[in-house]
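What follows is a single structure, written as structure tokens, with notes after it.
Keep in mind that what you see is a predicted model, and the values were worked out from it rather than measured.
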Amino acid sequence: MIRHRRTASVAAALALGAVATAVLGFAAPASAHVTVNPQEATQGGYGRFAFRVPNESDTASTTKLEVVLPENAPVGSVSTMPVPGWTVAVEKRKVDPPVEVHGSQLSEVVSKLTWTATGNAAVKPGQFQEFPVSMGPLPQVETMVFKTLQTYSDGNVQRWIEEPLPGGEEPESPAPVLALTAASPSTAPTAPTGAAAPQADDDDDDESDGVATGLAVAGLVAGVGGLLLGGLAFSRTRRAPTSQV
């Protein structure tokens with residue numbers, strides 16, 4: 001009877017494992033979307049970010065990536081890092097009011113970046129590619145949503161353009177999102193205040209005074225001892241000739 005129960009338990013576990021594998025296997029491709037890494041940064045700062053592009057197709061390669069910078073969060077300085085086998089085209093747009101970068105007022109900002117594969121550099125099935133970008137100063141907003149288009153060699157286009165849903169649930173085709181946090185106020189180091197610091201100094205002074213006093217007393221005792229010994233020796237010297245006569 002126990003043997004049958006164990007067999008039934010094993011069978012049930014295998015069945016649950018098969019169902020879980022089927023569900024996870026079905027859900028896995030949906031999570032392999034374009035992301036920006038790191039996914040968090042500080043407002044007003046600069047950073048190096050990489051758009052990570054996985055290839056979801058079993059037969060086609062990724063040949064082009066288009067990243068649109070958010071209109072409500074213009075960035076004054078945007079530069080790209082060379083990616084071997086890929087060219088990049090930069091599009092700009094006018095902004096009003098201007099964006100300040102190192103004291104200069106910029107009326108134009110980058111609006112879109114397009115990477116295109118050349119030769120055999122396309123992202124093949126089972127691979128991914130990163131496209132690094134340097135940006136700053138980052139705007140005073142909570143999030144930057146980068147709507148992205150991923151083009152395959154068979155002509156299919158995956159549109160990663162959906163913004164985050166309320167409650168944190170991930171949409172079906174999420175756009176890369178960069179979360180921005182407010183910079184913490186910088187505080188200059190201050191000298192220690194209160195009774196604790198002076199007390200430490202007083203203790204040090206008292207200790208030094210005690211040592212000095214001890215040394216002075218020891219010196220005085222040594223001096224008196226020297227005088228007594230000297231006087232005793234002198235008196236003996238004076239008495240010696242008298243005893244001989």
Side-chain angles (χ1 to χ4, degrees), residues 29-41 43 45-96 98-101 104 106-139 141-164 170-180:
S31 62
H33 54 83
V34 178
T35 58
V36 59
N37 298 280
Q39 298 181 353
E40 294 184 0
Q43 297 173 359
Y46 286 76
R48 177 189 183 279
F49 307 93
F51 292 96
R52 184 173 298 166
V53 182
N55 194 92
E56 294 185 297
S57 175
D58 294 331
T59 57
S61 301
T62 298
T63 58
K64 186 166 67 173
L65 179 72
E66 302 169 71
V67 177
V68 178
L69 278 68
E71 291 189 5
N72 66 334
V75 181
S77 175
V78 178
S79 57
T80 61
M81 177 181 288
V83 179
W86 292 75
T87 61
V88 60
V90 180
E91 298 181 26
K92 295 186 176 182
R93 63 181 177 89
K94 299 287 186 179
V95 288
D96 189 19
V99 177
E100 182 175 348
V101 178
S104 300
L106 303 180
S107 59
E108 268 192 345
V109 296
V110 174
S111 60
K112 183 180 179 181
L113 299 170
T114 302
W115 286 271
T116 305
T118 61
N120 196 34
V123 185
K124 298 173 178 58
Q127 298 180 349
F128 74 93
Q129 179 66 53
E130 290 188 335
F131 300 88
V133 176
S134 175
M135 296 188 297
L138 298 175
V141 296
E142 293 184 356
T143 58
M144 294 182 69
V145 179
F146 301 91
K147 297 185 177 182
T148 305
L149 302 181
Q150 181 181 5
T151 302
Y152 287 89
S153 57
D154 59 4
N156 289 326
V157 178
Q158 178 64 54
R159 300 168 62 83
W160 306 108
I161 62 173
E162 295 184 272
E163 300 190 7
E170 186 176 83
E172 184 177 354
S173 299
V177 177
L178 175 63
L180 299 177

(request) Quick one: list whatever passes salt bridge (charged side-chain N to carboxylate O under 4.0 Å, His left out) with K112, sequence neighbours left out. (result) E66
(request) Drop me the distance from T148's OG1 to F131's CZ, to the nearest 0.5 angstrom. (result) 11.0 Å
(request) Check the surroundings of atom NZ in K147: do more than 12 heavy atoms from other residues, nucleotides or ligands lie under 6.0 Å from it? (result) no
(request) Over all heavy atoms of both residues, which pair between P139 and A73 is shortest? Give the atoms and the distance, please. (result) CG-CB, 3.5 Å
(message) Tell me whether R93 is salt-bridged to E108, with the criterion being a basic N under 4.0 Å from an acidic carboxylate O.
(response) no
(message) Using every non-hydrogen atom in the two residues, find where T63 and A122 come nearest and quote the distance to one decimal.
(response) CG2-CB, 4.1 Å
(message) Quick one: does any side-chain atom of W160 pair with a main-chain N or O of Q150 as donor and acceptor, under 3.5 Å?
(response) no
(request) Show the numbers, then the answer: is there a side chain to side chain contact (heavy atoms under 4.5 Å, CB included) between V75 and M144? (result) CA-CA 10 Å; V75 181; M144 294 182 69; 3.7 Å; yes
(request) Give, for atom CH2 of W86 and atom CG of L65, the distance between the pair rounded to the nearest 0.5 Å. (result) 7.0 Å
(message) Just so I know, are the side chains of T59 and P125 near enough to count as touching, which here means a heavy-atom distance under 4.5 Å?
(response) no
(message) If you define the side chain from C-beta out and look only at heavy atoms, does anything of V78 sit under 4.5 Å from V109?
(response) no
(message) Any side-chain to backbone donor/acceptor pair from S61 onto S153? Under 3.5 Å, distance only.
(response) no
(message) Please check: side-chain N/O of E130 versus main-chain N/O of V83, any donor-acceptor pairing under 3.5 Å?
(response) no
(message) Do L180 and V141 have side chains that approach each other closer than 4.5 Å (heavy atoms only, starting at C-beta)?
(response) yes
(message) Counting C-beta onward and ignoring hydrogens, is there a side-chain heavy-atom pair between M81 and S134 closer than 4.5 Å?
(response) no
(request) Compare all side-chain heavy atoms of P164 with those of V177 and state whether any distance is below 4.5 angstrom. (result) yes
(message) I need the full list of ring-ring contact (aromatic ring centres under 6.0 Å, His included) pairs touching residues 50-69, with sequence neighbours left out, sorted by first then second residue.
(response) F51-F146
(message) Would you say that T62 contacts Y152 through its side chain, given a criterion of any heavy-atom pair below 4.5 Å between the two side chains?
(response) yes
(request) Kindly give the heavy-atom pair with the smallest separation between P74 and E71, and that separation in Å. (result) CD-O, 3.8 Å
(request) Take K64 and T114 through the side chain to side chain contact (heavy atoms under 4.5 Å, CB included) test and state the conclusion after the steps. (result) CA-CA 7 Å; K64 186 166 67 173; T114 302; 3.8 Å; yes
(request) Quick one: pull up OG1 in T143 and CG in N72 and give me the separation to the nearest 0.5 Å. (result) 7.5 Å
(message) Please check if the number of heavy atoms outside E142 that lie under 6.0 Å from its CD is greater than 12.
(response) no
(request) Could you tell me whether the side chain of N55 and the main chain of Q129 form a donor-acceptor pair under 3.5 Å? (result) no
(message) Let me confirm one number: the OG-NZ distance from S111 to K94, rounded to the nearest 0.5 Å.
(response) 12.0 Å
(message) To the nearest 0.5 Å, what is the distance between CG on L178 and CG on N37?
(response) 10.0 Å
(message) Do W115 and T80 make a side-chain contact, defined as non-hydrogen atoms from C-beta onward lying under 4.5 Å apart?
(response) yes
(request) For residues L149 and R159, determine if any side-chain heavy atom of one lies less than 4.5 Å from a side-chain heavy atom of the other. (result) yes
(request) Kindly compute the distance separating OG (S173) from NE2 (H33), expressed to the nearest 0.5 Å. (result) 9.5 Å
